[in-house]
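The structure displayed is predicted, hence computed values, not measured ones. We number each residue from 1, following the sequence as shown.
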Amino acid sequence: MTASRAVSCRTPLPAASRWVRLAALVAWLVAPLPGWGQAEPDAPDGAREVIVVGGDHYHPPYEFLDEDGEPAGYNVELTRAIAEVMGIEVRIELKPWSEVRRELEQGEIDILQGMSYSEARTAHFDFTPPHAIVHQSIFARRGDPVVEVEELHGKEVIVQRSDIMHDYLIEHDIGAVVIPVDTHADALRALAAGQHDYALVANLPALYLSRELGLTNLVPVARPFSLRYGYAVRQGDANLLAKFSEGLAILKNTGRHQAIYDKWLGPLEETGGIAWKKIGQVGAALSALLLLVLGAIVIWNRTLKRQVASRTAELHQHQQQLIQADKMASLGILVSGVAHEINNPSSLLLLNLPVLRDAYADAEPILEAHYRTHGDFPFGGLPYSRMREELPCMIDDMQEGTRRIKRIVGDLKEFARQGGDEQGESFDLNAVVGTAIRLVDSSIRKATRRFATHYAEDLPAIEGNAQRIEQVVINLVLNACQALQDPAQGIQLTTRYDSDTGRVVLEVRDEGRGIEPEAMSRLTDPFFTTRRECGGTGLGLSVSAGIVREHHGTLTFESSPEAGTTVTLALPVPPQPPPAEAPSPPAPG
């Protein structure tokens, strides 16, 4: 009996039933499981998962229901843009703030599109990078005293229920009498009607609502908080958080986020603070007016110079050289003063730049550690990954530039030094030419890309006034620069000793436009110039020729049209005293 009952309990199923159960088992084994790149099992075939996005129903301009009952505002447009670039489907539900916050905590909605960040909230929510910075202000009736947050103790303070400021007053035990209301608008209306003492609300929505509701007796009396404002999900929902973070990054990189921000929040920021655009427009208008005035002064100044030049053209050459000498003396005093003023900040830079380099070297390990841990970050307006390569080079370039400024200032002070007309000093022509080139280096670099110098070795010293010969060299180099028609044309300076004539020679050769034959004989005449339309006065070569004659030298020109010009300055070498003869030995006694 026992064996018979056992057999009867395992009576085989009909063949059709066995095939049905086998097919079901196979279908279960091959069916893709959710979480392996497939749609959720409860989603209908071909349909995407709909993400429910919550927000405040009356928090303009961030999010609100428009007159047709449809979601609108900065947060709403940003959410739709993220959904578009990420290829996801969203449904936006706007309700009272306390209600949508509770629904997120209970999992009834998936994400909030605008929530202020705080450390306490991270215990329940995870946040994307912020898409805005929200300033929280203390609003009061016009004429009421200004207070800080710590001074709200014992005051009746209106806040939006479950808002960040509601959380803050409770968490920090400020001691204020908290009056929670459903919306920012309710808080502002109650305050404007004389109820309670202050309202602690977000700045931009309060300004927007004050304007829309005509609440002209309310003013912000403090702005104590600047809080990050972004998307929030339930803690642990990393997949959804990553989607919205990535979408927000795409919008920021393409500039679309900035466009949405400017559309909704830009105008309110201007009205809520200083009108920087208007100030900029006024500043631009004043700058344009100032430029017009400066332009008129420049034109008037040039007109006066031309009038002075035309009226003094009849004066004697010696008088003009005296006038030029007096102007150079005045310029020397001015240059000396300016050079001294430049020298002080240059010395400060030379002193502080090594300290700055050492400070960066000390901070570099900390910055590198932060970079390895947290990734790239802004540093001085550029990504740190770029700045860490460029900053040491920038410091070195600044230090080298400062040294160059110091050298130029030294040359200017030496050039402007009033050394009188003494002709007895001994100097090296190569050194004088080098100093002159440094003083006009800017003009040379603007005029040509091909500038060359060839200094003869062991030039004998010459006697005279080195400062005045330096003035001659500067005039010759500047004339060569002005003769060039293209930066591809070159200038070459060569020094040599002509043993046949006993003179030290400087040749200045340019590849410029050249000089017409009829003008060659008049180059050193006072007021003769081929560049009068460009502001030339014709005194440079005249003064230079006079200085060369004073040194018993010569200044000669070789040129033809479109073939360049060669100017030769020759200065005599003073005779060397004969070697002293050795005394004769005394005659034998």
Side-chain angles (χ1 to χ4, degrees), residues 298 302 390 393-394 396-398 400-405 407-409 411-412 415 429-457 459 469-498 504-525 527-545 548 554-571:
V298 170
R302 288 187 177 181
E390 296 190 5
C393 298
M394 291 164 62
D396 291 340
D397 290 345
M398 286 189 290
E400 178 58 30
T402 306
R403 290 195 190 100
R404 186 178 178 196
I405 291 172
R407 288 197 300 269
I408 293 173
V409 167
D411 292 339
L412 280 173
F415 178 72
L429 182 61
N430 283 344
V432 170
V433 173
T435 302
I437 290 173
R438 287 197 299 271
L439 287 173
V440 295
D441 176 69
S442 176
S443 298
I444 293 172
R445 286 188 284 107
K446 289 180 181 178
T448 179
R449 296 190 296 269
R450 295 173 49 234
F451 182 80
T453 57
H454 302 282
Y455 297 113
E457 297 181 357
L459 276 183
I469 294 300
E470 186 179 305
Q471 181 180 349
V472 173
V473 178
I474 288 174
N475 278 331
L476 297 181
V477 175
L478 289 178
N479 283 347
C481 292
Q482 293 164 357
L484 301 183
Q485 298 172 293
D486 188 276
Q489 297 175 330
I491 298 174
Q492 180 175 306
L493 272 65
T494 305
T495 62
R496 57 184 171 84
Y497 174 62
D498 188 347
V504 172
V505 177
L506 168 67
E507 288 185 353
V508 180
R509 178 175 301 171
D510 69 70
E511 300 174 357
R513 64 174 63 89
I515 303 172
E516 298 292 335
E518 59 271 15
M520 290 292 293
S521 61
R522 303 182 58 196
L523 289 178
T524 58
D525 291 351
F527 305 109
F528 176 77
T529 178
T530 59
R531 301 183 64 257
R532 193 172 301 279
E533 70 280 359
C534 300
T537 62
L539 287 176
L541 286 179
S542 174
V543 172
S544 297
V548 173
T554 59
L555 194 63
T556 58
F557 302 86
E558 295 180 10
S559 181
S560 58
E562 306 303 328
T565 301
T566 300
V567 184
T568 303
L569 167 65
L571 297 171

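Between A488 and R450, the shortest heavy-atom contact is O-NH1, 2.7 Å. Minimum interatomic distance between V508 and A480 (heavy atoms only, all atoms of both residues): CG1-CB, 4.1 Å.
By the neighbour-count criterion of 12 heavy atoms within 6.0 Å, atom CZ of R302 is sparsely surrounded, having that number or fewer from other residues, nucleotides or ligands. Heavy atoms of other residues, nucleotides or ligands lying less than 6.0 angstrom from CD of E558 number 12 at most.
Distance CG/L459 to CG/N430: 4.5 Å, rounded to 0.5 Å. A distance of 12.5 Å separates CD in E511 from CD in E562, rounded to the nearest 0.5 Å. We find the OG1-CD1 distance between T435 and I469 to be 13.5 Å, quoted to the nearest 0.5 Å. With rounding to the nearest 0.5 angstrom, the CD atom of E470 is 11.0 Å from the CG atom of N475. The OG1 atom of T566 lies 7.5 Å from the CG atom of D510; values are rounded to the nearest 0.5 Å. Between the CG atom of L429 and the OH atom of Y497 there is a distance of 13.5 Å, given to the nearest 0.5 Å.
Applying the side chain to side chain donor-acceptor pair (under 3.5 Å) test to T565 and every residue at least two apart in sequence or in another chain returns S559. Evaluation of the side chain to side chain donor-acceptor pair (under 3.5 Å) rule for D396 yields R357 as partners, not counting sequence neighbours.
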For the pair T448 and C481, evaluate side chain to side chain contact (heavy atoms under 4.5 Å, CB included) and give the outcome as yes or no after the intermediate values.
CA-CA 7 Å; T448 179; C481 292; 5.7 Å; no
Take L484 and I491, measure what side chain to side chain contact (heavy atoms under 4.5 Å, CB included) needs, and give me the verdict at the end.
CA-CA 9 Å; L484 301 183; I491 298 174; 3.8 Å; yes
Check the pair T453, V433 against side chain to side chain contact (heavy atoms under 4.5 Å, CB included), reporting the backbone distance first and the verdict last.
CA-CA 10 Å; T453 57; V433 173; 5.7 Å; no
Output, in order, the C-alpha distance, side-chain angles, deciding distance and verdict of side chain to side chain contact (heavy atoms under 4.5 Å, CB included) for L506 and V472.
CA-CA 11 Å; L506 168 67; V472 173; over 6 Å; no
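With a 4.5 Å cut-off on side-chain heavy atoms, N479 and Q482 count as touching. When side chains are defined from C-beta on, V504 does not count as touching T495, because their heavy atoms never get closer than 4.5 Å.
Among residues at least two apart or in separate chains, salt bridge (Lys or Arg N to Asp or Glu O under 4.0 Å) pairs with a member in residues 487-498 are R496-E507.
Of the options L555, T554, T494, V505, a side chain to side chain contact (heavy atoms under 4.5 Å, CB included) to T568 is made by V505 and by none of the others.
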